[in-house]
Protein chains: 2
Amino acid sequence: MEYAIGVDIGGTKIQFAAVDPNGQLLHKHLVPTEAQLGPNQVMEKLKAGIDHIIAALQTAESYVGIGIGSAGQIDFQAGTVVFAGDTLPGWTGMQIKSHVEERFHKPVYVDNDVNVIAVAEKVYGAGQDYASFVCLALGTGIGGAIVESGQLVRGAFGGAGELGHVSVDFNGPRCGCGNYGCIELYASGTGIARLGRETLAASRGKASWEPQSRDIIQAWQRGDPLAGQVMDQVIRALGTAVAGFIHSFNPEAVILGGGMSETGLLFFEALDNEVQTRTSPGMRKACRLLPAYVGADAGVIGAAAQVWHYRGNR
Amino acid sequence: MEYAIGVDIGGTKIQFAAVDPNGQLLHKHLVPTEAQLGPNQVMEKLKAGIDHIIAALQTAESYVGIGIGSAGQIDFQAGTVVFAGDTLPGWTGMQIKSHVEERFHKPVYVDNDVNVIAVAEKVYGAGQDYASFVCLALGTGIGGAIVESGQLVRGAFGGAGELGHVSVDFNGPRCGCGNYGCIELYASGTGIARLGRETLAASRGKASWEPQSRDIIQAWQRGDPLAGQVMDQVIRALGTAVAGFIHSFNPEAVILGGGMSETGLLFFEALDNEVQTRTSPGMRKACRLLPAYVGADAGVIGAAAQVWHYRGNR
């Protein structure tokens, strides 16, 4: 049996697995990133983890390539890190592809963590039937990926798809990226918490919830009116952004993943209604809002899926 | 000498010309659209205008194909009109490509009017050196086009690039498209006039200008403070939208065309400053804000340029 080795590099952990052409995982392995030890230590952990997976392969099993997803902005062609912030200090400039190829002598593909999730959805998930779709990863922050004609839109250096830093309020609060009113300030976990704190302050603290996204969403789901005020803003802001993505890309689907999207059907349905209202009729009919299909292992599965996707197998 | 015949179909006029591979125009011809006469009359005018250009060609001149740009949403593959609003009543559903191919027996390419302007900029203009760029046409409304890897991003049915209907204020006024706070409501000719009327009303009408975009921009250029209030909003809103486009597509260039962008250097420089402030450093460095290069005939030149572009000559 042939496998691809997938690696998902995040700020707190690095996940490894052998993944078969059908997206089944084998020999899962996980190590803490310990990013504070610096980029060279992280690179050593990366190589050691791949060694670990190779050692676990049985006689009848072989691997054909290595796919890597990493936090940060990645130059896919070069396989290098264009920019990584505080999540992975010193990781900017790391030549991931050449380091790993030199060591293992197999094809290596490197992309950013949201692009590989889009590959997972394209190859195994909600994007299988679509040539053009947008992926939104709603977590602590908001990441995005754009697929057109079955291929990722990359732009000048692979930075395309920073959809969390599209503004929905030009008079809104300043974002770390430089822009004002970015959708990440409203509809990410930290954004919802921020709106929660503002609403609490205005209500003089008489709420049944803590200003944390999960708390607020749960309170909203049981009908708490103050949490409803927060979530009304979240859904209007996110619906506005998604309508803008639909007008920009005319996608066949918008796929929603990440922790925020797993909070239940109420959120998904409320958002779907809002997007319907805010999108022009022709575009709306052509586009479906879908939950991500590939679950918690989407990062490592998508990383490996690059090997099958770019070889042309899937 | 070989020529492509270009046709630019707008709500008020249809422009025709023979265009050589270098983008030089020959035998220009213009007729009023008289869209109220209905789609079949417009189609007859289209064919008659092409006849007119063919008849004008000299013995040593031949044409190799016909390129058409039309207002409305166009399915490029099918060469049909997916949606045309009040600009061209009844034009929705028109099978432009098959009608024209049947009559002239030459290759025919049909796309929307802003996509063909992007082709003009790609083949002859400011986009020549770039594989990925965004075009914004700032006129009465705002149109857009997205180029990635040298090709237009089309989406599900060719509707991609409706960048005028990306919101910059989720609490803003309702737009005809269904969304709220679309950038077209702030930075188009009609948007600037709208903000002008609001500002006039708040100031009890004591202004030296009429609430029309050209008037407001001229007053701003000579230092009128009330016009400055209007233009401050316009530039902040448009800068926010452009920053969002840069974060979404990571383009090498954003190309600004249309009547609004021809109002002078002050507008362009103010917008450039605003975009700089609102864009993340890595993306900003990779991207240049450029004025459109191809002038008033960009529509007909771009329409014809499709013939050279898709044949692979340019």
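All chains are named by letter (A, B, ...) in the order of the sequence lines, taking the proteins before the strands, and each is independently numbered beginning at 1. Computed over heavy atoms, backbone and side chain alike; hydrogens, waters and symmetry mates excluded. In this text, all values refer to a predicted model and were calculated from it rather than measured experimentally.
With a 4.5 Å cut-off on non-hydrogen atoms, B:Arg284 does not touch chain A at all. Heavy atoms closer than 4.5 Å to chain A are found nowhere in B:Gln276, neither backbone nor side chain. Interface remark: B:Ser132 contributes side-chain atoms only to the contact with chain A (heavy atom separation under 4.5 Å). Residue contact with chain A, scored on non-hydrogen atoms closer than 4.5 Å, involves the side chain of B:Tyr186 exclusively. Both the backbone and the side chain of B:Phe249 have a heavy atom closer than 4.5 Å to some heavy atom of chain A. If you measure heavy-atom distances from B:Ala237 to chain A, the contacts under 4.5 Å come from both the backbone and the side chain. Only the side chain of B:Glu148 comes within contact range of chain A, judged by heavy atoms closer than 4.5 Å. For a residue to count as touching a neighbouring chain, one of its non-hydrogen atoms must lie under 4.5 Å from one of that chain's; by this rule B:Thr279 touches chain A with the backbone only.
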Is there a side chain to side chain contact (heavy atoms under 4.5 Å, CB included) between A:His247 and B:Cys177? Walk through the geometry before answering.
CA-CA 10 Å; A:His247 292 154; B:Cys177 77; 3.7 Å; yes

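If you tally non-hydrogen atom pairs under 4.5 Å between each of B:Ser280, B:Ser248, B:Gly282 and chain A, the highest count goes to B:Ser248. Per-residue counts of heavy-atom pairs under 4.5 Å with chain B were compared for A:Ser167, A:Cys287, A:Pro251, A:Ala241; the largest is that of A:Ser167. When B:Val166, B:Asp169, B:Val82 are compared by the number of non-hydrogen pairs under 4.5 Å with chain A, B:Asp169 comes out ahead. Of the listed residues A:Gly161, A:Gly164, A:Gly178, A:Gly239, the one with more heavy-atom pairs under 4.5 angstrom with chain B than any other is A:Gly178. By number of non-hydrogen pairs under 4.5 angstrom with chain B, the leading residue of A:Val153, A:Val168, A:Leu163 is A:Val168.
Atom OG1 of B:Thr277 is separated from atom OH of A:Tyr180 by 7.0 Å, given to the nearest 0.5 angstrom. A distance of 4.5 Å separates CZ in B:Phe157 from CG in A:Asn250, rounded to the nearest 0.5 Å. Of the inter-residue distances, the one linking B:Ser149 atom OG with A:Gln151 atom CD reads 9.0 Å to the nearest 0.5 angstrom.
Nearest heavy-atom pair, B:Asn179 versus A:Gly244, reported as atom, atom and distance to 0.1 Å: ND2-N, 4.1 Å. When all heavy atoms of A:Met283 and B:Gly159 are compared, the closest pair comes out as CE-O, 3.0 Å.
Open room surrounds CZ on B:Phe83; 12 or fewer heavy atoms of other groups in view lie less than 6.0 Å from it. Within a 6.0 Å radius of CD in A:Gln95, no more than 12 heavy atoms belonging to other residues, nucleotides or ligands are found. Taking a 6.0 Å sphere around OH of A:Tyr293, one finds it holds 12 or fewer heavy atoms contributed by other residues, nucleotides or ligands. Counted within 6.0 Å of CZ on B:Arg288, heavy atoms from surrounding residues, nucleotides or ligands total 12 or fewer; the atom is thus considered open.
Proximity of A:Arg236 to B:Asn171: side-chain heavy atoms (C-beta onward) are separated by under 4.5 Å at one or more points.
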